[in-house]
Protein chains: 2
Amino acid sequence: MKAEIIAVGTELLLGQIANTNAQFLSQKLAEVGIGVYYHTVVGDNADRLYKLIQEAFTRSDLIIFSGGLGPTKDDLTKETVARAVARPLVHDEQALNRIVSYFEKRGIKMTDNNRKQALVIEGSHVLPNDHGMAPGMVIEHKGKYVMMLPGPPRELYPMFTTYGLPHLLSLIRDQYVVHSKVLRFFGIGESALEEELIDLIDGQSNPTIAPLAKEGEVTIRLTAKAKSVAEAEEMIRSVEHEINRRVGEFIYGYNDDSLESVLVRQLTERGETVAFAESITGGLVSHLVTSIPGSSAALKGSIVCYTNEVKESLLAVPQDVLASAGAVSEETARILAEQVRVRLGSTYGISITGEAGPIASEDKPVGLVYIGATDGMHTEIKTFRLSGQRPAIQLRSAKYAIFTMLERIKKGGF
Amino acid sequence: MKAEIIAVGTELLLGQIANTNAQFLSQKLAEVGIGVYYHTVVGDNADRLYKLIQEAFTRSDLIIFSGGLGPTKDDLTKETVARAVARPLVHDEQALNRIVSYFEKRGIKMTDNNRKQALVIEGSHVLPNDHGMAPGMVIEHKGKYVMMLPGPPRELYPMFTTYGLPHLLSLIRDQYVVHSKVLRFFGIGESALEEELIDLIDGQSNPTIAPLAKEGEVTIRLTAKAKSVAEAEEMIRSVEHEINRRVGEFIYGYNDDSLESVLVRQLTERGETVAFAESITGGLVSHLVTSIPGSSAALKGSIVCYTNEVKESLLAVPQDVLASAGAVSEETARILAEQVRVRLGSTYGISITGEAGPIASEDKPVGLVYIGATDGMHTEIKTFRLSGQRPAIQLRSAKYAIFTMLERIKKGGF
């Protein structure tokens, strides 16, 4: 099946936003084995859009539109597709009710153009919009499929995942379900991971095993096609078991997990807390953790000890340690971790000190990072030599700090 | 002039990356008044690419390609465009020398396919690549222009800005230069700003006045066309003067400035320092500031006082204040700002406390934020009611904290 994605919106052609909808849809389609051959962006112009639709019908089996379903006169997608497939627009009762009740609830007067949003192409399968007003649609036309989705990502993403993709799969291969699970790795590079699993990756076609690297993390997506979700899950489980046996120590989470969400969850479950002494990361670790709702149960607080003065005054690093070993040293990392734990009264203390660059402030190479971790009884210091620019070194240091804490919890302590 | 952008690369169709090159190029072209009518993404496939080039020649005056200039057999752009315009590929001496010296410097053996990167279409104007190996090209063909740029953004952005766009402008209107300046605003919404300037925006065509809102900030881009840069600058200066007269209090910087870069620069110039007590922002303010190289001269450090315990133990907020007024209160904001300044020994102290949601922890509405700022003599507390989700509230709180500090410096103190 050949698919293409057409995004409609002048704001894209002005460069005000990037076409992240096409990226999202392409990822989702790739996961279920549907190949995307073109992305096109066209402005809010009926003639150019009409021409493009005709071209798309000659070369693709599935055409997915994003944008142009709203209430204003710029929103042309529905009308233009209706013209291309020679079908009228009709009011969808359910969509109209949703829109009317939306305005009633907020006590706002509904204007006529909002009613336009409840128009759908006759004979289409309507996709409900749980996060906005314009419904989506799927139509079949001469053996081809056309899906129309709203432009705002907060509406498009859930509509496609919850309604669009399942409906599409039911149309094109109702004998199968496609189910996937993402394994999240940290502390191992993509190529090292591939090397460990190369025989599995090469040998498997169902489930497929797809690694992807991003910002120092690697994910593996396992995707199974089967007669039922239970069967697909069982197929995934057996491959996952083998992957876990080989490289399980680097798996920190699944699906939508992040290092910080897993940390908050695990500490909260155990009734434990952490505090960070952040030098090189300058607050980034704490920011990542506090971006998770409910993190106040897990994070006591942190000290951003960006200058030596603060290391000395708030975290009791002796002046002679700073003078001899330096701020970027095992000794300093050890004292920072132990002191931040004591001073903030947390179960664990983690410190991060290093050279972010571009210019090293001590006589140490840019990218040298020490992470200290303690539970009050034992303290462990890890040394890293990270490469890249300042933001990359700071982000990877922050992730290593969280991963170090997770590793300790997994291993049952220090 | 009608332009279109064609990105070549299967990784885009798989959704592994978003087409940010098209966004960047569209922005730059919009700034000089060139309209973009299509973005297309096509995979590394010679037939589909060839067909698309032919289509593009029928509808556009300027076609810009990104990607497909590399050394591997997947890289097809040059060859396919050469075929479409019926011209041979020839070695470019300068590009070849750059590639040879690149390998010599690193002591790596150069493979034959790297030599392929120095091939250019005969008669093309070559665009040097300062950040990689594959050169770019501009050719004229039957009164139309074709520009080819490398795919990696770190190569494409500077090549287009430094060489591609100036060459293009010299071809299409060599009698003019186009020059622009960005004014950066904070603390005023896009619509309020437009209202203040509506007569200027409506009345002006040269320079153009283009507002854009993003993440709580608003920018205004002033773009002038003139016979010389000096003349363009003079035209911009007089509009800027009028804007500054009306809404100058909200201008914090220009062009590539950010709130945090301006803060670091201004404090460093004055030999002053700041320290933050971060509750709701959980380290984000410090992270933003320490993302700027050289920030250690301006930021002493911070305390992430995420729990009441830490507010009490490290920042001396009395238990009865926390019990009566609460952590989210003017009183707490005042004590946090004053204490963090004293304890970290900085010139200024800034505190940020509030409710980020999704669930309020005290009996306060989500989005209520207090920012305290002190120089040790006077302390000012500002109250904000921010809307949006947790990450938006945290980010806007962080920006208001930095802006509050900048405002104080601008006004010459507290």
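Below, chains carry the letters A, B, ... as their sequence lines are ordered, and counting in each starts from 1.
By the 4.5 Å heavy-atom criterion applied to side chains, A:L49 and A:I53 are counted as neighbours.
The neighbour count for B:R59 CZ, taken as heavy atoms of other residues, nucleotides or ligands under 6.0 Å away, is above 12. Applying the 6.0 Å contact sphere to CD of A:Q54 captures more than 12 heavy atoms from other residues, nucleotides or ligands. Within a 6.0 Å radius of NZ in A:K51, no more than 12 heavy atoms belonging to other residues, nucleotides or ligands are found.
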- Residue pair A:F160, A:N21: steps toward the side chain to side chain contact (heavy atoms under 4.5 Å, CB included) verdict: CA-CA 10 Å; A:F160 185 73; A:N21 285 341; over 6 Å; no

- Take A:V274 and A:V289 through the side chain to side chain contact (heavy atoms under 4.5 Å, CB included) test and state the conclusion after the steps. CA-CA 10 Å; A:V274 67; A:V289 173; 5.8 Å; no

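Using cut-offs of 30° and 60° on the angle between ring planes, the pair B:H287 and A:H287 is parallel.
If you measure heavy-atom distances from A:L14 to chain B, the contacts under 4.5 Å come from both the backbone and the side chain. Using a 4.5 Å cut-off between heavy atoms, A:I292 contacts chain B through its backbone alone, with no side-chain atom that close.
Smallest separation of non-hydrogen atoms from A:T223 and A:E31: CG2-O, 3.1 Å. The two residues B:A327 and B:T353 come nearest to each other via the heavy atoms O-OG1, 2.8 Å.
Of the listed residues (B:T40, B:V41, B:I17), the greatest number of heavy-atom pairs within a distance under 4.5 Å of chain A belongs to B:V41. With respect to chain B, the highest number of heavy-atom pairs below 4.5 Å among A:S296, A:P391, A:P293, A:A7 belongs to A:P293. Comparing A:V36, A:N45, A:V42 by how many heavy-atom pairs each has under 4.5 Å with chain B, the most go to A:V36. Interface check for chain A: of the options B:Q27, B:Q394, B:R390, the most heavy-atom pairs under 4.5 Å are formed by B:R390. The choice from A:R48, A:E55, A:Q16 that makes the most heavy-atom pairs within less than 4.5 Å of chain B is A:R48. For the options B:V310, B:T307, B:L13, heavy-atom pairs under 4.5 Å to chain A are most numerous at B:L13. Counting heavy-atom pairs under 4.5 Å between each of A:S286, A:G282, A:A297, A:G301 and chain B puts A:G282 at the top. When each of B:L52, B:I303, B:I5, B:I359 is scored by its heavy-atom pairs under 4.5 Å with chain A, the top score falls to B:I303. For chain A, the option among B:N19, B:T20, B:I6, B:L12 with the highest count of heavy-atom pairs below 4.5 Å is B:L12. The choice from A:G283, A:S279, A:A22 that makes the most heavy-atom pairs within less than 4.5 Å of chain B is A:G283. Between chain A and the options B:S295, B:C305, B:A30, B:G357, heavy-atom pairs under 4.5 Å are most frequent for B:S295. The most heavy-atom pairs under 4.5 Å with chain B, out of A:A275, A:S291, A:S302, come from A:S302.
To the nearest 0.5 angstrom, A:L156 atom CG is 6.5 Å from A:F24 atom CZ. Taking CD1 of B:I352 as the reference point, atom OG of B:S397 lies at 8.0 Å (rounded to 0.5 Å). Interatomic distance, CG of B:L322 versus CG of B:N308, reported as 4.5 Å (0.5 Å rounding).
Chain A is approached within less than 4.5 Å, heavy atom to heavy atom, by B:R343, B:L344 from residues 342-351 of chain B, ordered by number.
Between the side chain of B:K28 and the backbone N or O of B:L165, no donor-acceptor pair lies under 3.5 Å.
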